[in-house]
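One-based numbering, in listed order, for ligands and for the atoms of each. Every value quoted in this text rests on a predicted model; they were computed, and no experiment measured them.
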Amino acid sequence: MDTIKTIEWKDDKVIMLDQRKLPSEEVYSTCEDYLCVAHAIKNMVVRGAPAIGVAAAMGAALGAMGIGVDDFDKFYAKFSSICERLGETRPTAVNLFWALDRMKKCALDNRELPLNKIVDMLKALAIKIYDEDIESNVMIGRYGQVLFRDGMSVLTHCNAGGLATAGYGTALGVIYAANDSGKRIHVFADETRPRLQGAQLTAWELQKHGIEVTVIADTMAGHIMKKGKIDACIVGADRIASNGDVANKIGTYQVAVLAQYHDIPFYVAAPLSTIDPKLASGADIPIEERDTKEVTHIGSMQITPDYVDVINPAFDVTPADLITAIITDRGILEAPFDKSISKIFSA
Ligand code: MRU
């Protein structure tokens, strides 16, 4: 299956498909320095936890290329501040910090090498993080597709496809893998207000891959579950705490509650890089608050009265006890998640 080119390292530049313009335009944005990448992450040119991690690693590599000093300590001080700047872009997806920590460790572990060699190693690591993400998604697909039968209807929220990763996707990767093994799956995609990732991105990429998709307003999920039209739910994740609580796009929690009420399995698909073993529970996951204009406006049209109070948390936390299984690149985790997560990290 062709993977979508979400992000690419080419000729010492980072090229990203500008997701703000989909589905009407396929436009690529090119960054030649780390500040451009930081801006692209913050402003959602690139989005989705694994894709943000890859972008941050590539941004750090661009930053390293521009550090003109001659000793390691000065190099590392500047490199750390570049990583810090990239880390300030979005607080919830842990893949961002996971990737930046790997980049910093690579620089430190190779401190004895000449600086130009360290920069080459950082570039190579950013590309490795990209390659590994695609491999992880393929593994998630392979493990997860056994949970899906031919003819199933599956509800998803937000976008957890090729666009949200280096390629292939996590939750949608499972659907693609099921499809590739001959199972016909119909996807219901929540539109995912306020940023409409479901309507604009999930629908676009499923159509592109020939998967049947029906877009619904977020408010319709309960109704169609009650009508018996949904056999399973599957979503991605931005950060998973060590007890299995999952932060994902705002609205995921209500889908999980509805799924439990209607006795429908609720699956989360994510690579191990999305699990934050340092956090005891979802209560510790930082939730990004975004510009309220995302709620007060649809496109350029204001839909609320002037001066009305508005909030805009971009993510919510689904408690582990609403989750049937977490499909990872190392296998399917089941409850109790604190045990299955700690086992997979100690393996
Ligand atoms: O705000 P976004 O668009 O970056 O949020 C994306 C999500 O919440 C995805 O569901 C999540 O990152 C999983 S991506 C495989």
**Student:** If I compare all heavy atoms of D329 with all of L272, which pair ends up nearest, and what's the gap?
**Tutor:** OD1-N, 2.9 Å
**Student:** Check this for me: H262, atom NE2, are more than 12 non-hydrogen atoms of other residues, nucleotides or ligands nearer than 6.0 Å?
**Tutor:** yes
**Student:** Among protein heavy atoms, which lies nearest atom 10 (O) of ligand 1, and at what distance?
**Tutor:** N248 OD1, 2.7 Å
**Student:** Specify the protein heavy atom at minimum distance from atom 15 (C) of ligand 1: its residue, its atom name, and the distance to 0.1 Å.
**Tutor:** T170 OG1, 3.1 Å
**Student:** So if I count the atoms of ligand 1 from 1 in the order they appear, which ones are less than 4.0 Å from some heavy atom of A49?
**Tutor:** 12 (O), 14 (S)
**Student:** If we set the cut-off at 4.0 Å for heavy atoms, which region of C158 has an atom near ligand 1: side chain, backbone, both, or neither?
**Tutor:** side chain
**Student:** What are the two closest heavy atoms between L333 and S340, and how far apart are they?
**Tutor:** CB-OG, 3.8 Å
**Student:** Taking only heavy atoms of Q197, which atoms of ligand 1 are found under 4.0 Å from at least one of them?
**Tutor:** 1 (O), 2 (P), 3 (O)
**Student:** Going by the order shown, which atoms of ligand 1 are within less than 4.0 Å of some heavy atom of R47?
**Tutor:** 3 (O), 4 (O)
**Student:** Are any of the N or O atoms of G161 closer than 3.5 Å to those of ligand 1?
**Tutor:** no
**Student:** Which ligand 1 atoms does K249 reach within 4.0 Å, using its non-hydrogen atoms?
**Tutor:** 1 (O), 2 (P), 5 (O), 8 (O)
**Student:** Between N137 and T170, does any side-chain donor sit less than 3.5 Å from a side-chain acceptor?
**Tutor:** no
**Student:** Please tell me whether F266 and Y253 form a close aromatic pair, meaning their ring centres lie under 6.0 Å apart.
**Tutor:** no
**Student:** Relative to the heavy atoms of A160, which atoms of ligand 1 are at a distance of less than 4.0 Å?
**Tutor:** 14 (S), 15 (C)
**Student:** Shortest non-hydrogen contact from I82 to A60?
**Tutor:** CG2-CA, 4.4 Å
**Student:** For ligand 1, which part of N159 has a heavy atom less than 4.0 Å away: the side chain, the backbone, both, or neither?
**Tutor:** backbone
**Student:** Which ligand 1 atoms does R90 reach within 4.0 Å, using its non-hydrogen atoms?
**Tutor:** 1 (O), 2 (P), 4 (O)
**Student:** Of the backbone atoms (N, CA, C, O) and the side-chain heavy atoms from C-beta on, which set of A237 has a member under 4.0 Å from an atom of ligand 1: side chain, backbone, both, or neither?
**Tutor:** backbone
**Student:** If you have a sec, work out which protein heavy atom is nearest atom 11 (C) of ligand 1 and how many Å separate them, to one decimal?
**Tutor:** D238 OD1, 3.1 Å
**Student:** Between K13 and T30, which heavy-atom pair has the shortest distance, and what is it?
**Tutor:** CD-CG2, 3.6 Å
**Student:** Take atom CG in D263; do more than 12 heavy atoms of anything else shown fall under 6.0 Å from it?
**Tutor:** no
**Student:** Quick one: does A93 get a heavy atom under 4.0 Å from ligand 1?
**Tutor:** no
**Student:** Looking at A164, which atoms of ligand 1 are within less than 4.0 Å of one of its heavy atoms?
**Tutor:** 14 (S), 15 (C)
**Student:** Taking the six-membered ring of F315, is NZ or CZ of K249 closer than 6.0 Å to its centre and within 45° of its axis?
**Tutor:** yes
**Student:** Please name the pair of heavy atoms, one in G222 and one in L258, separated by the smallest distance, quoted to 0.1 Å.
**Tutor:** N-CD1, 3.6 Å
**Student:** For ligand 1, which atoms have a heavy atom of M44 less than 4.0 angstrom away?
**Tutor:** 1 (O), 2 (P), 3 (O)
